[in-house]
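Remarks on the structure that follows.
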Amino acid sequence: MSDQFTTGLKVRGLGLALAVVRDLRDVRPPATAEELEQFETDVLAGFVLARASAGLADGTIRGDVGHLEQMRSWFGRPLWEMEPPDADAYFGKVLRASPSGTRLGRSQALTTYFLFLELRHKVEIHRMTGRVIECPIDEMNRPRGSKDAALRIPPSGPEVKTLFTGWGGELATCRKFAPTARNYTASKLMSQVGLRVSEACKLDLADIKWDLGRFGKLHVRHGKGARGSGPRERMVPLINGADRTLRWFIEDVWGQFDDDHARPGAPLFPSERRCADGSSGRVGDDALRGGLKAAAMAHLPGWGDKLTPHVLRHFCASELYLGGLDLIAIQEVLGHSWIATTMRYVHVQQTRVEDAWVAGQQRAAKRLEGLLR
């Protein structure tokens, strides 16, 4: 019997009899190249919309689409035609020397895309091309490793103090006081309360809540979400001297960028560039990164390119821990979703371990001496 027909049951009077029923699904000829090209574009647009519906941040979605476009360019055909030998050639030859993070990210993007194809378009692709969707990444060729951040050992407390002491002294003689003071302040906050550079750039003046808590708090509205989700807000207490740093900047520096403190949306860290209405724009992360790099080269040359805003974030976590703050409190300050992430940010200097061991031995000796008396 033709596969356009199925066998069904038809009621005749009080009995049952076999009858031929026509399949109601459309029968279509193979798709043309133009139809497949348009379909591929529509599928990718649907993938983007689905990931946005799942709550992923725009940057995460753009990263996945970028990975897919790179693989599509190499493959030269729709990705749903990719098979395990193709993935073997791509990850085993083309990406052989690439960083593990690139390989893992690209593999994960491809796996997610094939899951989307299987859930949403498996039947349609089979009807158009005769191909059964099957992910080319399997247990044999899946890139190994972890996407955990690389270990970033921060400078010691005295080293960071040397950096900011020298940088602060530079403010009295530098050619552009306001931009230098802005970069100094933003970096100081990163070292005091662990702000990310992207979070610092997006802060407004109104995000400083002086009346909250014992020291005031900073409303971080654009914190990084876990697993690529959207912005995750948090309130950061202005501890560790951050309140004094901000008061000095607002009272002595901010007015050199703009004279309207009450303007809605006025950035905490303004740019030298002006908006169309004459107000100051928002500083970019490149300016803050460049300012920190120049200061490190001048005042802490041993670190040079190694001292980044994220290393200062690690420094903050380590100093807060050494100062007596527990991991749960540090997790709240840094805005981590998982305590395990916070634990990777805490680095104990080797002398701290040795000093703690010596102190423990001294306490044990005193207890023993007391027992022998």
Side-chain angles (χ1 to χ4, degrees), residues 1-10 18-58 60-96 98 100-147 227-229:
M1 183 179 293
S2 169
D3 57 6
Q4 296 183 23
F5 298 85
T6 58
T7 301
L9 292 176
K10 183 178 179 181
L18 293 176
V20 176
V21 180
R22 188 175 299 275
D23 191 346
L24 298 179
R25 291 178 295 181
D26 292 335
V27 178
R28 56 173 297 169
T32 65
E34 292 76 11
E35 289 175 330
L36 284 175
E37 182 179 357
Q38 182 60 51
F39 177 67
E40 185 181 13
T41 301
D42 293 342
V43 167
L44 184 59
F47 175 75
V48 170
L49 182 59
R51 302 306 281 161
S53 299
L56 271 71
D58 291 344
T60 302
I61 298 173
R62 283 196 299 270
D64 285 349
V65 172
H67 286 313
L68 296 176
E69 289 177 343
Q70 292 274 359
M71 289 182 283
R72 175 63 170 84
S73 177
W74 170 82
F75 191 52
R77 306 194 303 276
L79 288 176
W80 59 67
E81 297 185 16
M82 185 177 279
E83 297 180 350
D86 301 313
D88 294 345
Y90 184 71
F91 289 96
K93 295 180 180 180
V94 179
L95 293 188
R96 180 68 175 178
S98 298
S100 62
T102 300
R103 293 161 51 80
L104 288 165
R106 204 151 293 181
S107 169
Q108 184 59 51
L110 186 63
T111 302
T112 304
Y113 183 63
F114 265 84
L115 178 61
F116 170 78
L117 293 176
E118 185 173 356
L119 291 174
R120 301 284 184 90
H121 299 287
K122 182 176 183 177
V123 174
E124 192 170 6
I125 291 175
H126 182 261
R127 290 171 57 197
M128 294 179 73
T129 68
R131 181 174 295 276
V132 177
I133 293 297
E134 183 178 1
C135 183
I137 301 295
D138 55 33
E139 290 306 313
M140 296 302 297
N141 62 12
R142 189 182 310 279
R144 301 296 189 248
S146 171
K147 291 186 67 177
R227 304 184 188 277
S229 60

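Position 1 is the first residue of the sequence; numbering continues from there.
- Listed here is the closest heavy atom pair of Asn141 and Pro84: ND2-O, 3.7 Å.
- Legend: residues meeting ring-ring contact (aromatic ring centres under 6.0 Å, His included) with Tyr90, ordered by chain and number and at least two apart, are Trp74.
- Listed by chain and residue number, nothing satisfies the side chain to side chain donor-acceptor pair (under 3.5 Å) test with Glu37 (two or more places apart in sequence, or in another chain).
- Between atom NZ of residue Lys122 and atom CD1 of residue Ile125 there is a gap of 10.5 Å, rounded to the nearest 0.5 Å.
- Between the side chain of Glu35 and the backbone N or O of Thr32, at least one donor-acceptor pair lies under 3.5 Å.
- Atom CD1 of Ile133 is separated from atom NE2 of His126 by 10.0 Å, given to the nearest 0.5 angstrom.
- In this structure a side-chain-to-backbone donor-acceptor pair under 3.5 Å is present from Asp86 to Glu83.
- Side-chain N or O atoms of Arg106 include none that pairs as donor or acceptor with a backbone N or O of Met71 at under 3.5 Å.
- In this view, Glu134 satisfies the salt bridge (charged side-chain N to carboxylate O under 4.0 Å, His left out) rule with no residue, not counting sequence neighbours.
- Between the CZ atom of Phe39 and the OG1 atom of Thr129 there is a distance of 8.5 Å, given to the nearest 0.5 Å.
- Every residue meeting the salt bridge (charged side-chain N to carboxylate O under 4.0 Å, His left out) condition with Arg77, not counting sequence neighbours, appears here in chain and number order: Glu81.
- Put simply, CG on Leu56 and CZ on Arg51 are 5.0 Å apart, with the number rounded to the nearest 0.5 Å.
- By the 4.0 Å N-to-carboxylate-O rule, Glu139 lies close enough to Arg142 to be salt-bridged with it.
- To the nearest 0.5 Å, the span separating CG on Leu110 from CG on Leu115 amounts to 11.5 Å.
- Residues satisfying the salt bridge (charged side-chain N to carboxylate O under 4.0 Å, His left out) test with Glu69, not counting sequence neighbours, are none.
- For Arg62, there are no salt bridge (charged side-chain N to carboxylate O under 4.0 Å, His left out) partners two or more places apart in sequence or in a different chain.
- Scanning all heavy atoms of the two residues, the minimum distance from Tyr113 to Leu79 falls at CE2-CB, 4.0 Å.
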